[in-house]
Amino acid sequence: MSTRLAKQGRLIDRSKQVEFSFNGTKLKGFAGDTLASALLANDQMLVGRSFKYHRPRGLVASGSEEPNALVGLGVGDRFEPNQRATTTELFSGLSAVSQNHWPSLNYDIGELNSKFFSRFLTAGFYYKMFIHPRPLWKHVYEPFIRQSAGLGKAPNKELKDADTYEHFYFFADVLVIGGGVAGLQAAKTAAASGAKVLLLEEKSYWGGRTPVDGGTIEGLEAEAWVEKTLNELNAMDNVTIRNRTMASGVYDHGYVLGYERLTDHAPGQGGPRHRLWRIRASQVVTATGAIERPLSFAGNDVPGVMLAASMRDYLVNWGVTPGKKVVVATNNDDAYRTAIALHEAGVEIVRLVDARESGGGELADKARELGIRVECGRAIAKVKDGKRVTKVAICAQNGEGGAREEIEADAVAMSGGWSPVVHLWSHCGGKLIWDEAQAHFRPDPERAPTSHDGNAFVVTAGSASGPLSLSAVMADAAAAGAKAAEAAGRPAQSVAAVETSEVSEAPMEAVWFMPAKADIQLRMKTWLDYQNDVKVSDVQLAAREGYESVEHTKRYTTLGMATDQGKLSNINGLAVLADSLGAEIPQVGTTTFRPPYHPISMGAIGGEARGEIFQPLRKTPMYEWHDKNGADWEPVGHWRRPFTYLRPGESKHDAVNREVKNTRENLGLLDASTLGKLIVKGPDAGKFLDMLYTNMMSTLKPGKCRYGLMCSENGFLSDDGVVARIDDDTWLCHTTTGGADRIHAHMEEWLQTEWWDWKVYVANVTEQLAQVAVVGPNARKVLEKLNAQAGGGMDLSKEALGFMEWKDGEIGGFKARAYRISFSGELSYEIAVAASEGQAFWDALMEAGKEFGVMPYGTECLHILRAEKGFIMIGDETDGTVIPQDLGLHWALSKKKEDYIGKRAQQRSYMDNPERWQLVGLETVDGSVLPDGAYAVGQGVNANGQKNTIGRVTSTYYSANLDRGIAMGLVKHGPKRMGEVIDFPGLDGKIYKAKIVDPVFYDKEGEKQNV
Amino acid sequence: MLILECPYCGVHAEETELHGGGEAHLKRFGPGSSDDDFHDYLFMRENPRGVHLERWRHVNGCGKWFHAARCTQTLEVFATYSAQTTEPPQEVKDKISAKRPGWSWREFKG
Amino acid sequence: MKRYSAFAVAREGLRYHTGWERAWRSPEPKRHYDVIIVGAGGHGLATAYYLGKNFGITNVAVIEKGWLGGGNTGRNTTIIRSNYLQDPSAAIYEKARSLYEGLSQDFNYNVMFSPRGVIMLAQTEHEVRGYKRTAHANALQGVTTEWIEPARVKELVPIINLEGPRYPVLGGLWQARGGTARHDAVAWGYARACSAMGMDIIQKCEVTNVRTEAGRVVGVDTTKGAIDCDKIGMVVAGNCSVLSQMAGFRLPVESVALQALVSEPIKPCMDVVVMANTVHGYMSQSDKGEMVIGGGTDGFNNYTQRGSFHHIEETVRALVETFPMVSRLKMLRQWGGIVDVTGDRSPLISKTPVEGCFVNAGWGTGGFKAIPGSGWAMAELMATGHSNLAEEFSMMRFKEGKFIDESVAAGVAH
Amino acid sequence: MSNAVSVLNGASFSGLVKVADSGLGGMITLRGDHASATLQAVVKSVTGAEVPAIRKITFGAAGAVAWMTPDELLLLVDYAEVDAVVAKLSEALAGEHHLAVNVSDARACFSVEGEAASEVIAKVAPVDLAPGKFVAGDFRRTRFSQIAAAFWLDEAGVYHVVCFRSVGEYMFNLLKTAAHPQSKVGVYA
């Protein structure tokens, strides 16, 4: 059984007991425990179920490579699935539940199923099954499969995450990733050059493996050296160090993401839960260490079978042992350290099987001296199936697994050698080479990832480079730190050798199958990927079926696609694949390494952008007034505009109709502040505007306004608005709400990149001004009243300010510019005042307007009023495929100009084509409202069997003033077909019959606006 | 996440301050041009796997458009330069040649 | 070729799966083929498949630089829908969708087409109008879609947050027979079927030159030697510009990065595909339980298959806002592909200035859903010189100004 | 004028740092040739400040001048004086190509004050704010999370942040969030 020992546990504080719960059972651990070590201390060997077969799963590793120990952590709005027990620091009140089982962890139906089916459920199973009959996949097979899919439970769908997140930008000369002895040494060396250094460590503690493995550095025990070095680094102000911060990805141009877990070890303490560091480093040192590989023997997935070095971690760091009678299996010397450590801690090593005929070095001798039974050239044939280890069968490594000796044991420590953690090196294109001696892929320093300047920007340090001995690791780390600092532009330094203790180790031997010629029964019980249940036999099958590319095998078997992304399984799987193909491992190659190194929270990625700062919300100066007065908001880009103003008990429809009638009969106010206002000034401004607009602007007289159209270079209508000429060399261009920034950018683009010799300056003054449309028969009255109250102001009479004229002056004591323009057909003024005074001006108008029946109106009323007049609306009549000619706007296309943006495009055959649909008005025969977006059908079908269409509705409304539906649309030969009735099939199954009419429905002579 | 140095304000701007503007040194064809010329001007973009000359705008910055010489295969940036030019200046061509001997792009060569 | 079936699986299970055949052969190239398809992605393999199936042309080689299905076919978010606005798009995507319905049976290989339904959320008045317009158009195009109200959206997507507050859900365009499929299986199923017809799929073979004589294509040079052919189909997505240069003509295409990501697998919580275009994000849940998430493209030419992280941030922000529970999931893996985008963001299935040379490209962000229809139309064009499905997608359209613009209905081309 | 109110009307927040709406300030966009002697003279006369070097802000008795682009300056003067100053500029520069326009009301301005100010801003802006990297008199246009913004550091170590008026509230809430009392990063402060 696994248990806590009386001694050892360098990371735990036995004086601080911590209570937590697992599957509802109250358990105890110590401060400094991880959830994993605490579970082991409580003899919780079984921690989860595998993905496919629901096999019982126990802890295999001690770090983020752990594939099995995934739990649901927390409750309610802080619940999170798939948290690794090995990277979860224990805290008081921690609540964890195991995953992927029903009804319980111990008795799982899924396991019974898979016990029976597993021999059929091999790689490719789903591709070969459930093909007939067709409907069953959706209705029977897939629902069944989906129910068994997934690992952890989904968070509650109704709850919003209780935690917050943030980002932080940081710039460094040298970023060192990994706080083991290599990372510390690299940081120390780099910092000595004066470089600005950032050092990140994903765990809460520093030093990595070395304090566990032992050895001395500069005469100090590893642990003491780590502490000393940390203190030195902390004392330097060019060094920043951060624990609990994982570098999750390396991206182009030295961009690295750091994932800092601020409160996961102490939830609810306030402040952000995670902070995502957006780091720019000119050089990156990856001191990410190496990961031990499992051995491939039958039953290597039984709870209690663990990586040898991880077992040592649990012993030394947390004082727990997974068993009392341990079998150790290895192909290298490092596992001897585990045997020795366990033995010295009083744990019985029932057998150490070393696959190497020649056995190990110094450590092996020491083990024998301690009386540990070491057998060379031997292997594990099979671990007896079950929820924990009970029996282990030993056989000769070089055989099929016959002549087995069965021994009693409750845990197995295995070591298949070590693979450098190359993920971060590879994210941005770093290449790997195969190291035959160590049987692993390691970074190829000659083919490092390159940055904006084309130079390498990632250097590896320590065992991440390949070497495993302490002396080699420290030497490599020091060199890496110096190299990075120099590449970051710091003076070169001669690196002094770091003195370390040395143990001579015998070379490892690659062992991809245990025993070497294991038969199919054994291979079908030999796991490569523990979480996804991929076995040696699956990879061999994939190869046999022609899925020869490593990517094919990965995808066909799901090897390495689990939440550990194959940290333990990839190399072993590759070796099996290579063997099956009779190829060399380097020829087979690896799959692509993609970020993140280890999963990071979506919350952290989103950062602070949630709730009210999810996106910027643009507000006009009168926003709060609208909000208090019933505004029903409509998002328009990042702006929000009142769609209508609801009165208590009023429906949207009624509110809109009220506004529509009142504006025509009395007085309406529209907040038009969102309309774009661009000042264009300079000797060449007229010439410039003549290129930008389809019509002539250079001839506009100061004091006058003109409606203008803009097209893209591709010929399509992009924006419209009223242009006012301010003085000889100054124009003010109004754009649509959406157009302000877009058209400003459009102008700057042409001025900067095409006509840079033209003397024109543009300024966007959209937000400088609050603009109010004062509309209706009483418009002049209310403004004159304001002037009267203020004892004077600008003359707004028909004579003094005619239609399509503007002037500056004062209105009601406000410095204002008044435009006599109308988008409604009513007597209408648009008044611009300083944005800071917008609310005051609006208040004054509302107050003075009372006696004239003033009401604010929203965008829907605006749309209806313009539709009644047959005015087009960018975004309704236009959609990016419409040219001015389609809308009968030929009058706005200057014949005098040889060029304007879009003119050439409009001369192309399909644009200059009478068959194009043209703008008309549409009136339903029965007065009803045409459905939005409806198409008019013609005769027959096209070559692809689709019904032929002859037109479509572009805008459609109920007009309260005319008490009937009115619409505009584009219809083939439309203007030539006045009076014809055409059919619009609705989604409701009805056919709407509409007559083609003139688009001007109201006040055709335009008398009302000219009073 | 690219970094480009804006030649106007000198900021080493990260991509989020910038807006990509597509192929550089386009020659505008207007009324009177042939269908082919106009078509090529609007749609036939250079799309090399390698050296590319392109436009960027420092939109969240000084607002200026500029040109960049960049490798689309490695994302190496050879140089950034003024937008007020119809062809890459000699020193820019030299910088590219130093890294990609024998390069060519439209009518321009190393 | 041995058929796949429950019986076969049972039989093999009893003999430890020793009897399975290769899914496809790995032959050396012959000296000459009637047709060479360059690119063994979904579109290329589908083209070859329908050349054989519909026109009896089986002396075909599909040449692939890397491994089959290793481009965008193997790295997309597997959404299948045909609720497009413009007639030519609706026609070819609906053709593709209807072929997907029967693909598993057609291949005797389960591509796991899952018509679970696709919703495109309307979160602004403009989108409401756009999607109603699309629904009207679809009704006339023979594409079954419907406009649904918020309450129905919530029924279909329990994890959605309807209220906003920023962009309340105003409804959605619902295509009940849209869905997803297992992307690798689509490529593998086509490959297996092509191989069974005697076609050669030649992987790890890069085309280094396209040989022409008197304006006519005569063959290609490859890293496995020269191969002659009567016709060639270029179906290489992001690399089409490079290949067309070899044949001496240019394409109206630019290559940019498109990114996607998956969460760690969780128990099923969302059975349909949801696209939220106002906030730029879309999401579905795979049969493994991962939330599969995609967003928009980068803004610059790129061949690295790596995108810029701020696009991932924008997408995740959008989805956290739309599906609050996503905040407590974790990103397991992010990746990028290179998509080829045309001037109107619609594809090219077209003859080229070189006789006997055809191109199928420009699918941008929307290619996977089109694979069967694209292959069907391309095969028809290559075999007969004309295809109604392909006609509007000719590269000539840019000269005439006859665009196929799908962005107009507030839609995106994912 | 008494009717005029700044976007958040003087609101402020205290957390890691103090964030406050700076109230109404006079702002003028001046486009023209920085090298022009006339321009330099009139800028000096209305603000007391020299035309700044690239990415700098200069201060004078009557105001300040910030470098926006190679052909644009931002003049900071008293809100009440803006019209008069614009008139002076236009008059003085009548002879050369220029554009002077009042943008005072188009802006929202905030001060960010406190030892953690650099860290708070570094949470939302892609700028290196390590000590010595961004100093008093530096002026930077960039992005604050999702909006365009400009900021500078004064002699007193106070950051001044400017953005468009319509997103003033977003900016305030953004800075408030970044200044959460328990969100100290602890690298610069």
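Residue numbering restarts at 1 for every chain, and letters A, B, ... go by the order of the sequence lines. These values consider heavy atoms only, across backbone and side chains, with no hydrogens, waters or symmetry-generated copies.
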Check: Y761(A) ring centre within less than 6.0 Å of H98(D) ring centre: no

Hey, could you give me the NZ/CG distance between K815(A) and N102(D), rounded to the nearest 0.5 Å? 7.5 Å

When only pairs under 4.5 Å are counted, which of G682(A), G838(A), G271(A) shares the most heavy-atom pairs with chain D? G271(A)

Highest number of heavy-atom pairs under 4.5 Å with chain D among E260(A), R280(A), E166(A) belongs to E166(A)

Report the distance from atom CZ of R165(D) to atom OG1 of T766(A), rounding to the nearest 0.5 Å. 14.0 Å

If I measure from the heavy atoms of chain A, does K184(D) come under 4.5 Å with its side chain, its backbone, both, or neither? backbone

With a 4.5 Å cut-off on side-chain heavy atoms, are V5(D) and Q839(A) touching? no

Contact origin within I147(D) toward chain A - heavy atom pairs under 4.5 Å: side chain

Interface check, chain D: of K619(A), Q615(A), H638(A), most non-hydrogen pairs under 4.5 Å belong to K619(A)

Could you tell me if the side chain of S166(D) sits less than 4.5 Å from the side chain of Y623(A), heavy atoms only? no

Answer yes or no: is there a side-chain heavy-atom contact under 4.5 Å between F814(A) and N3(D)? yes

Out of P131(D), P181(D), A125(D), return the one with the most heavy atom pairs under 4.5 angstrom to chain A. A125(D)

Is there a donor-acceptor pair under 3.5 Å between the side chain of R31(D) and the backbone N or O of V762(A)? yes

Tell me, yes or no, whether the heavy-atom count around D237(A) atom CG, taken from other residues, nucleotides or ligands under 6.0 Å, exceeds 12. no

Quick one: sort the F168(A) and Y188(D) rings into parallel, tilted or perpendicular, breaks at 30° and 60°. tilted

Under 4.5 Å heavy-atom distance to chain A, tell me which part of E169(D) shows up: side chain, backbone, both or neither. side chain

Decide yes or no for L769(A) and D105(D): does some side-chain heavy atom of the first lie under 4.5 Å from some side-chain heavy atom of the second? no

Residue K759(A) excluded, over 12 heavy atoms near NZ under 6.0 Å: no

Under a 4.5 Å cutoff for heavy-atom pairs, which residue among A835(A), A840(A), P616(A) has the most contacts with chain D? P616(A)

Side-chain heavy-atom pair K196(A), D128(D) within 4.5 angstrom cut-off: yes

Roughly how far, to the nearest 0.5 Å, is NZ of K176(D) from CD of E612(A)? 6.0 Å

Evaluate whether atom CD of E91(D) has more than 12 neighbouring non-hydrogen atoms of other residues, nucleotides or ligands under 6.0 angstrom away. no

Can you tell me how far NE2 of H97(D) sits from NZ of K681(A), rounded to the nearest 0.5 angstrom? 7.5 Å

Measuring from atom OG1 of T164(A) to atom CD of Q182(D), what distance do you get when rounded to the nearest 0.5 angstrom? 9.5 Å

Check whether S183(D) gets within reach of chain A through its side chain, its backbone, both or neither, counting any heavy atom under 4.5 Å. both

Identify which part of T240(A) has an atom lying under 4.5 Å from any heavy atom of chain D, answering side chain, backbone, both or neither. side chain

Answer whether the closest heavy-atom distance between the side chains of E608(A) and K123(D) falls below 4.5 Å. no

May I ask you to test the V185(D)-R275(A) pair for a side-chain heavy-atom distance under 4.5 Å? yes

If one checks every heavy atom of I613(A) against chain D at 4.5 Å, the contacting part turns out to be both

Select one option (side chain, backbone, both, neither) describing which atoms of V760(A) are under 4.5 Å from chain D's heavy atoms. backbone

Does the side chain of Y169(A) reach to within under 4.5 Å of the side chain of V127(D), using non-hydrogen atoms? no

